[in-house]
Amino acid sequence: MKAQIFRINSILVLVFGMLVASTSAKADNGYLVLNTLALHFENFDDRNAFTPGVGWEYSPSSKLGWHAGTLSDSFGFQSYYGGINYATRSVLAGRIRFLVGASVVHKQFKKNAEPETKVLPFPALEVKLTRRSVLNISGSPAVDFANQKNNAVMFFQYKLQLR
């Protein structure tokens, strides 16, 4: 029962954030997201590094944005995610931006386990490759807290502006 209430509240917060962020949406702040790699630092032999997926990200600089998508996780389960983000202004001649936020993620976190829904931090370094494409480098550290252990991982996403 608690898990269902948590999931419903998470979805409501996510939808509210998307609606608020979309009120001033511009085409040049939206990206088609192609999930590519997930590099795990431990137990990498048990996991897939190639994690194909697709999503959408709205991330205007210095404003609230959102992201949502689906991908094949490192165990092959078709997972999905959505959340809110905040992007800094670009630095280093407009080539680098930082994003922070949170994602509601439904995926298989452990081998041969049932999929779970969790709220996870969303830190990312965005590197501009061309005028309309960027590479997101994200991840999470190894965490061992309250009987929850998660493996350190780095995610790579290719983002393409469509306008």
ask   = Remaining members of Leu99's ILVMFWY cluster at a side-chain heavy-atom cut-off under 4.5 Å?
value = Phe122
message = When you compare the side chain of Leu32 with that of Trp56, does any pair of heavy atoms fall below 4.5 Å?
response = yes
inquiry  = Less than 4.5 Å apart, side chain to side chain, heavy atoms only: is that true for Val127 and Val134?
reply    = no
query = Of all residues at least two apart in sequence or in a different chain, which pass the ring pair (Phe, Tyr, Trp, His ring centres under 6.0 Å) check with Phe77?
reply = His106
key: From Tyr80 atom OH to Leu71 atom CG, the distance as rounded to the nearest 0.5 Å   = 12.5 Å
inquiry  = Going by the rule side-chain hydrogen bond (donor to acceptor under 3.5 Å, both in side chains), which residues pair with Ser90 if we only count those two or more places apart in sequence or in a different chain?
reply    = none
query = Taking only residues two or more places apart in sequence or in another chain, which ones pass side chain to side chain contact (heavy atoms under 4.5 Å, CB included) with Phe75?
reply = Arg47, Asp73, Gln108, Lys111
note = Closest non-hydrogen atoms of Leu64 and Tyr58, given as atom of the first, atom of the second and distance, are O-CE2, 4.0 Å
key: Pairs touching residues 94-105 that satisfy side chain to side chain donor-acceptor pair (under 3.5 Å), sequence neighbours left out   = Ser59-Arg97, Ser61-Arg97, His67-Ser103, Arg97-Glu126
task = Kindly compute the distance separating CG (Leu37) from CZ (Phe50), expressed to the nearest 0.5 Å.
result = 8.0 Å
ask   = Considering only heavy atoms from C-beta outward, does the side chain of Asn136 approach that of Phe156 to under 4.5 Å?
value = no
message = Counting C-beta onward and ignoring hydrogens, is there a side-chain heavy-atom pair between Leu34 and Val54 closer than 4.5 Å?
response = yes
task = Locate the shortest heavy-atom distance separating Gln161 from Tyr31; write the atom from each residue and the value.
result = CG-CE2, 3.3 Å
key: For the student: nearest non-hydrogen atoms of Thr70 and Asn35, plus distance   = O-ND2, 3.9 Å
query = To the nearest 0.5 Å, what is the distance between NZ (Lys159) and CZ (Arg132)?
reply = 15.5 Å
query = Between Lys107 and Ser79, what is the shortest heavy-atom contact and its length?
reply = CB-CB, 3.4 Å
Non-hydrogen atoms of Pro60 and Ala87 that approach each other most closely = O-CB, 3.8 Å
Gap separating the CG atom of Leu39 from the CD1 atom of Ile137, nearest 0.5 angstrom = 10.5 Å
query = Can you get from Val100 to Ile96 by hopping between Ile, Leu, Val, Met, Phe, Trp and Tyr side chains that sit under 4.5 Å apart?
reply = no
request  = Spell out, yes or no, whether Val91 and Tyr86 are grouped together once hydrophobic residues are joined by side-chain heavy atoms under 4.5 Å, including indirect joins.
outcome  = no
note = For Ala102 and Val119 the tightest heavy-atom approach is CB-CG1, 4.3 Å
query = What pairs with Thr130 under side-chain hydrogen bond (donor to acceptor under 3.5 Å, both in side chains), at least two apart in sequence or on another chain?
reply = Ser133
inquiry  = Less than 4.5 Å apart, side chain to side chain, heavy atoms only: is that true for Phe98 and Leu125?
reply    = yes
